[in-house]
Every structure is written in C-alpha cells, then in structure tokens.
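Okay, structure first, notes after.
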Amino acid sequence: LKNLFGQGRRHMIADKDDPNRIASHLIDQQGVDGAWDTVREGIAIAHENEDNYVLSVWREVRRALDNKQDGADNTEISTD
C-alpha cells in the first residue's frame with residue numbers, strides 16, 4: 001500500500017483497487033465535493049513525490065468521479 005498524507009487526512013491506495021470503487025468510497029465517506037477535493041489533493045501530492053503510479057491511479061479516480069457525476073446529471077428525478 002502507498003500512503004498519501006495531506007491536510008490532516010490519510011489516504012491509502014492498494015495496487016489492485018478499482019478506481020470506480022475508490023471513487024464510490026470517497027463519495028460515500030466525504031460527499032461529492034469532498035471526493036473532488038481528495039482527488040485534487042492526491043494528484044498534487046503524487047506530482048510532488050514524482051510517483052507516476054499513484055498519479056495514474058488518482059487520474060483514473062478523477063475520471064471515474066467525472067463519469068459518476070455525468071451519470072447523475074443525466075438521471076431524472078421522479079416526483080411520484
């Protein structure tokens with residue numbers, strides 16, 4: 001596991017984790033806005049550490065969040 005530390009939060013990425021699962025977990029734990037903050041923070045830390053693997057994982061998580069948000073925007077809300 002690789003540990004990422006930032007702004008008092010500890011984030012862990014396992015080599016076999018699915019970016020969609022990470023995105024869902026972040027949304028469940030932190031809400032959509034918190035998930036986006038965490039992804040931006042993770043990308044920045046990976047850049048600072050020059051860790052291309054972690055950077056690629058966070059970028060995939062960012063893509064998964066974007067896809068989830070697009071899907072939510074296209075969902076009709078029933079008022080039955």
Side-chain angles (χ1 to χ4, degrees):
L1 294 175
K2 297 193 181 251
N3 294 323
L4 300 177
F5 298 91
Q7 298 179 358
R9 291 184 286 190
R10 182 177 180 204
H11 307 288
M12 301 175 81
I13 299 176
D15 291 352
K16 296 181 181 179
D17 276 354
D18 174 23
N20 288 306
R21 200 169 77 182
I22 295 170
S24 294
H25 177 75
L26 290 174
I27 291 169
D28 290 345
Q29 295 296 310
Q30 302 174 4
V32 174
D33 291 337
W36 279 109
D37 290 343
T38 298
V39 168
R40 284 190 286 272
E41 180 182 314
I43 289 171
I45 291 169
H47 273 295
E48 289 173 18
N49 293 336
E50 298 180 0
D51 189 332
N52 290 328
Y53 174 75
V54 172
L55 180 59
S56 70
V57 171
W58 281 120
R59 285 180 173 163
E60 289 296 318
V61 174
R62 178 178 61 188
R63 185 171 303 140
L65 278 176
D66 196 36
N67 290 340
K68 287 179 183 300
Q69 189 170 8
D70 285 346
D73 291 342
N74 294 327
T75 302
E76 291 185 24
I77 299 174
S78 175
T79 57
D80 294 339

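Across Ala64 and Asn20, no two heavy atoms sit closer than the pair CB-OD1, 3.3 Å. In this structure, Ala46 and Val54 approach most closely via the heavy-atom pair CB-CG1, 4.0 Å.
With sequence neighbours excluded, no residue forms a side chain to side chain donor-acceptor pair (under 3.5 Å) with Arg59. In this structure, the salt bridge (charged side-chain N to carboxylate O under 4.0 Å, His left out) partners of Arg63, at least two apart in sequence or on a different chain, are Glu60. The side chain to side chain donor-acceptor pair (under 3.5 Å) search around Ser24 returns Lys68, not counting sequence neighbours.
Annotation for Asp28: atom CG counts as buried by contact number, over 12 foreign heavy atoms lying within 6.0 Å.
Atoms CD1 and CG, on Ile45 and Asp51 in that order, are 11.0 Å from each other to the nearest 0.5 Å. The line from CG of Asn52 to CD of Glu50 is 8.0 Å long, rounded to the nearest 0.5 Å.
A side chain to side chain contact (heavy atoms under 4.5 Å, CB included) with Val61 is found for exactly one of Ile22, Thr38, Asp66, namely Ile22.
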